2 protein chains.
Amino acid sequence: MPTPHYGQPRYRAIAEELRRRIEIGNITPGTLLPAESALMAEFRASRGTVRSALAELRRTGFAMTAHGRGTVARLQAAPAPTESEADGPAVQSSLESRHTPAGDDLARLFGIQPEERVLEVQVVTRENGIVRSVVRTYSLTEED
Amino acid sequence: MPTPHYGQPRYRAIAEELRRRIEIGNITPGTLLPAESALMAEFRASRGTVRSALAELRRTGFAMTAHGRGTVARLQAAPAPTESEADGPAVQSSLESRHTPAGDDLARLFGIQPEERVLEVQVVTRENGIVRSVVRTYSLTEED
DNA sequence: AGAAATTTGTCCGTATGTATC
DNA sequence: AGATACATACGGACAAATTTC
């Protein structure tokens with residue numbers, strides 16, 4: 001089989017699919033993801049590709065891996081409002097991440113080219129549904 | 001050849017050797033490290049192992065890799081003399097803030113116009129002089 | 001401008017080591 | 001001890017970005 005990765009590589013597509021399952025709740029945060037061998041079978045991918053996908057999930061904060069145990073989906077806060085609760089402000093946060101070109105300012109700080117991509121993790125915090133703060137954390141894209 | 005990695009894996013030993021060369025100045029920061037093919041020959045290691053070593057250098061902030069160009073040793077900012085020296089990485093942070101136009105993305109989140117200004121607080125964290133993360137926190141400028 | 005060479009990126013398969021259950 | 005799961009290492013092949021000629 002050739003190795004075409006038009007647009008986006010396979011390991012990233014797998015990572016996105018797994019992230020989707022975690023966000024949907026299909027994979028409950030705190031529980032184990034399927035083993036690498038299971039993911040290999042499901043996605044018909046090699047071990048290396050599956051491991052790259054899991055590495056991507058770790059980088060973006062959606063999973064943590066322990067030797068001999070497995071990869072655990074990390075909880076993303078957001079205990080589901082359920083309102084009532086007398087009155088305490090309903091605070092929720094959402095997290096998302098992406099690879100984006102650094103731009104001039106960040107490029108100068110990191111010592112890279114503006115076109116180079118960095119990892120951006122964005123946390124949006126809402127109070128009673130109103131956006132109160134947006135925190136963007138930038139770091140260099142690290143592999144493996 | 002078998003695959004014993006007593007104590008420390010091979011890729012990490014290679015990474016440490018390269019890091020030593022950078023620190024000594026044997027490899028001038030800002031210049032290219034030897035290509036993966038050259039490192040394979042020198043350390044008699046497979047490409048995967050060499051790439052793991054380079055990934056380690058990126059993680060630890062000693063290198064940055066660009067597709068098709070090579071891996072560049074990153075410059076180490078001033079060692080920041082002063083103080084105890086103790087041990088453990090020297091972590092420093094600088095903070096600055098400014099009012100800046102929201103832009104499209106933030107405007108959509110906050111429900112304002114893109115030209116409207118928001119407060120941006122930026123914290124740059126350096127480890128041994130190397131920029132590790134840039135955190136930008138946006139919030140609406142509160143008027144009294 | 002274009003072709004070739006160089007260099008890193010992705011993917012596959014296999015084997016063995018190490019940690020946990 | 002055995003089974004399961006992740007970690008390290010090898011080898012080969014093709015894709016994509018950059019540089020060189």
Side-chain angles (χ1 to χ4, degrees), chain A residues 1-18 27 31-59 62-74 99 101-102 107 112-119 140-144, chain B residues 1-18 27 30-59 62-74:
Chain A
M1 219 198 278
T3 316
H5 37 282
Y6 304 113
Q8 104 172 333
R10 191 136 159 60
Y11 74 85
R12 202 167 292 178
I14 295 176
E16 283 187 12
E17 169 60 22
L18 292 175
I27 297 179
T31 66
L32 288 171
L33 274 74
E36 293 175 357
S37 55
L39 295 175
M40 288 172 65
E42 174 181 356
F43 292 102
R44 241 77 60 100
S46 75
R47 179 115 187 271
T49 300
V50 166
R51 284 178 60 78
S52 289
L54 294 177
E56 183 84 355
L57 287 181
R58 286 193 293 271
R59 277 196 294 277
F62 286 92
M64 254 300 294
T65 300
H67 192 171
R69 290 195 2 124
T71 299
V72 182
R74 291 184 60 192
H99 295 272
I112 62 177
Q113 297 301 313
E115 308 80 16
E116 301 263 25
R117 289 175 177 276
V118 294
L119 175 63
L140 289 180
T141 309
E142 305 162 0
E143 277 95 62
D144 297 84
Chain B
M1 220 197 279
T3 318
H5 38 284
Y6 306 115
Q8 129 171 312
R10 192 136 159 60
Y11 74 86
R12 202 166 296 174
I14 296 176
E16 283 187 11
E17 168 59 23
L18 293 176
I27 298 179
T31 67
L32 288 172
L33 274 74
E36 293 175 358
S37 55
L39 295 175
M40 288 171 65
E42 175 181 355
F43 292 101
R44 240 77 59 102
S46 73
R47 184 150 177 240
T49 299
V50 166
R51 285 178 60 78
S52 288
L54 294 176
E56 184 84 354
L57 286 181
R58 286 192 293 271
R59 271 196 295 274
F62 286 92
M64 249 302 293
T65 301
H67 192 174
R69 288 193 2 118
T71 298
V72 182
R74 290 186 66 200

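Residue numbers start from 1 in every chain, and the chains themselves are labelled A, B, ... in the order their sequence lines are given, proteins ahead of strands. Since the model is a prediction, treat every value here as computed from it, not as a measurement.
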Mind checking whether [X] and [Y] have side chains closer than 4.5 Å, heavy atoms only?
X: A:H99; Y: A:E56; answer: yes
X: A:I112; Y: A:L140; answer: yes
X: B:T65; Y: B:E36; answer: no

Which nucleotide, [options], lies nearest any side-chain atom of [X]?
X: B:P9; options: D:dC10, D:dT8, C:dC11; value: D:dT8
X: B:Y11; options: C:dC11, D:dA7, D:dA9; value: D:dA9
X: B:A35; options: D:dC6, C:dT7, C:dC12; value: C:dT7

For atom [atom1] of [X] and atom [atom2] of [N], their distance in whole Å:
X: A:M64; N: D:dC6; atom1: CE; atom2: C1'; result: 12 Å
X: A:R44; N: C:dC11; atom1: CZ; atom2: C1'; result: 16 Å
X: A:R51; N: C:dG17; atom1: CZ; atom2: C1'; result: 13 Å
X: B:R10; N: C:dG17; atom1: CZ; atom2: P; result: 16 Å
X: A:R69; N: D:dA7; atom1: CZ; atom2: P; result: 12 Å
X: A:R117; N: C:dT8; atom1: CZ; atom2: P; result: 20 Å
X: A:E36; N: C:dT20; atom1: CD; atom2: C1'; result: 14 Å
X: B:Q8; N: C:dG17; atom1: CD; atom2: P; result: 19 Å

>> If you count every heavy atom of other residues, nucleotides or ligands that lies below 6.0 Å from A:R12 atom CZ, does the total exceed 12?
In response: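 Yes - once you tally the heavy atoms of other residues, nucleotides and ligands closer than 6.0 Å, there are more than 12.
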> With a 4.0 Å cut-off on heavy atoms, is B:G70 in touch with a base, just the backbone sugar-phosphate, or nothing at all?
Replying inline: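 The residue B:G70 makes sugar-phosphate contact but no base contact.
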>> When you measure from the side chain of A:R10 to the backbone of A:F43, do you find a donor-acceptor pair of N or O atoms at a distance under 3.5 Å?
In response: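 Pair found, side chain donor or acceptor close to backbone of A:F43.
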>> Regarding D:dA16, can its base be found pairing with the side chain of B:H67 as donor and acceptor, where the two atoms are less than 3.5 Å apart?
In response: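 Such a pair is found, so the answer is yes.
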> For A:R12 and A:R47, take the nucleotide of DNA chain C holding the closest heavy atom to each; which residue's nucleotide lies nearer the 5' end?
Replying inline: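 This one resolves to A:R12.
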>> Quick check: on DNA chain C, is the nucleotide nearest A:M40 upstream (toward 5') of the one nearest B:S37, or the reverse? Name the residue that is more 5'.
In response: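 The 5'-side residue here is B:S37.
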>> Does D:dA5 have OP1 or OP2 under 4.0 Å away from a side-chain N or O of A:T71?
In response: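 The answer is no; no side-chain N or O of A:T71 sits under 4.0 Å from OP1 or OP2.
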